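A quick write-up on the structure given underneath.
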Amino acid sequence: MADHHQLIFIDFEFTMPEGKANPRGFYPEIIEVGIVSVINHTAHKQFSSYVRPVQFPFLSNRCKSFLHISQAQVNSGISFQELITILKEFGDYPKTTVVTWGNMDMKVLRQNCQKNNVDFPFSGKFRDLSMEYKKFFGDRNQTGLWKAVEEYGKKGTGRHHCALDDALTTCNIYNLVENDKRYLQKPTPTTIGDRIDFSKVMNKFAT
């Protein structure tokens with residue numbers, strides 16, 4: 001029987017203050033979610049929606065222009081509580097790993113849960129793909145999601161800073177990196193016969 005394992009690729013977009021000085025009590029709130037579920041290497045389902053911020057319901061001009069998200073889009077989104085219910089449904093699978101690009105998505109989700117007195121929806125494992133990418137390629141700095149895709153000679157999916165497109169792009173990079181890891185794994189050990197033949201060749205060059 002197959003050992004079923006789910007990978008959930010998640011990307012959130014957050015509210016941003018207008019300037020460098022944060023308004024009193026400001027914290028980033030989730031305003032868009034993109035989720036891609038992959039079970040046993042097969043795309044299972046995906047979800048995307050805008051999310052209504054609770055504490056600071058009105059988007060700053062900077063946020064709207066940077067993310068290309070309008071106030072009307074956010075107003076028509078799901079509530080934070082609905083978001084948590086959906087995340088729990090995705091996470092309610094025997095073996096689940098949540099994969100994000102960077103650690104901000106889960107940090108902000110945890111903070112949003114605390115501020116709204118809601119339980120954190122995930123209990124499985126977490127993987128920060130940007131750190132894995134950094135270690136794998138020996139980069140000194142963490143690479144941006146779309147720069148990482150371009151380094152592979154690929155294009156990102158859809159539009160950058162659209163949550164679902166970023167989640168799909170993270171999924172694509174995950175597959176590229178995993179393929180490279182498999183490619184670079186040590187080859188199967190040589191048999192004793194191969195080693196004897198090889199030593200003969202070495203002796204030939206030594207004489």
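When reading the values below, keep in mind they use all heavy atoms of this one structure, side chains included, and skip hydrogens, waters and symmetry mates. Just so it is clear, the structure is predicted and the values come from calculations on it, not from any experiment.
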hydrophobic_cluster_shared for [Y] and [X], side chain cutoff 4.5 Å:
X: Ile86; Y: Phe12; value: yes
X: Leu83; Y: Phe120; value: yes
X: Met106; Y: Ile31; value: no
X: Val177; Y: Val99; value: yes
X: Leu129; Y: Ile8; value: no

- Provide the full list of ring-ring contact (aromatic ring centres under 6.0 Å, His included) pairs with a residue in residues 77-97, sequence neighbours left out, each pair given once. none
Measuring only between side-chain heavy atoms, which start at C-beta, is [X] closer than 4.5 Å to [Y]?
X: Val74; Y: Pro53; value: yes
X: Pro28; Y: Asn112; value: no
X: Ile173; Y: Trp101; value: yes
X: Cys171; Y: Val38; value: yes
X: His5; Y: Leu7; value: yes

Measuring from [X]:[atom1] to [Y]:[atom2], what's the distance to the nearest 0.5 Å?
X: Leu59; Y: Lys64; atom1: CG; atom2: NZ; value: 6.5 Å
X: Phe14; Y: Glu32; atom1: CZ; atom2: CD; value: 11.0 Å
X: Asp128; Y: Asp105; atom1: CG; atom2: CG; value: 9.0 Å
X: Glu13; Y: Phe66; atom1: CD; atom2: CZ; value: 8.0 Å
X: Glu18; Y: Phe26; atom1: CD; atom2: CZ; value: 10.5 Å
X: Asp166; Y: Cys162; atom1: CG; atom2: SG; value: 7.0 Å

Whether [X] side chain and [Y] backbone form a donor-acceptor pair below 3.5 Å:
X: Thr100; Y: Asn103; value: no
X: Gln71; Y: Pro57; value: yes
X: Thr15; Y: Glu29; value: yes
X: Thr97; Y: Phe126; value: no

- Apply the test side chain to side chain contact (heavy atoms under 4.5 Å, CB included) to residues Leu109 and Phe122: give CA-CA distance (whole Å), side-chain angles for both, the deciding distance (0.1 Å), then the verdict. CA-CA 10 Å; Leu109 177 60; Phe122 297 121; 4.0 Å; yes
- Message: Strictly below 4.0 Å, N to O, side chains only: are Arg127 and Glu178 in salt-bridge contact?
- Response: yes
Between [X] and [Y], what is the shortest heavy-atom contact and its length?
X: Arg24; Y: Phe56; value: O-CZ, 3.5 Å
X: Arg52; Y: Asn75; value: CD-O, 3.4 Å
X: Ile84; Y: Cys113; value: CD1-SG, 3.7 Å
X: Ala167; Y: Gly34; value: CB-O, 3.6 Å
X: Val33; Y: Ile35; value: CG2-CG1, 3.6 Å
X: Leu164; Y: Gln46; value: CD2-NE2, 3.7 Å

- Message: Which residues pass the salt bridge (charged side-chain N to carboxylate O under 4.0 Å, His left out) test with Arg62, not counting sequence neighbours?
- Response: none
What residues, two or more places apart in sequence or in another chain, satisfy ring-ring contact (aromatic ring centres under 6.0 Å, His included) together with [X]?
X: Tyr174; value: Phe9
X: Tyr27; value: none
X: Phe58; value: none

- Who are the side-chain contact (heavy atoms from CB on, under 4.5 Å) partners of Ser76, not counting sequence neighbours? none
- Item | Working for side-chain hydrogen bond (donor to acceptor under 3.5 Å, both in side chains), residues Gln6 and Thr96 | CA-CA 5 Å; Gln6 176 181 227; Thr96 293; 3.0 Å; yes
- Task: Can you establish whether the number of heavy atoms outside Lys88 located under 6.0 Å from its atom NZ is more than 12?
- Result: yes
- Single hit among Leu87, Thr85, Asp92 for side chain to side chain contact (heavy atoms under 4.5 Å, CB included) with Glu89: Thr85
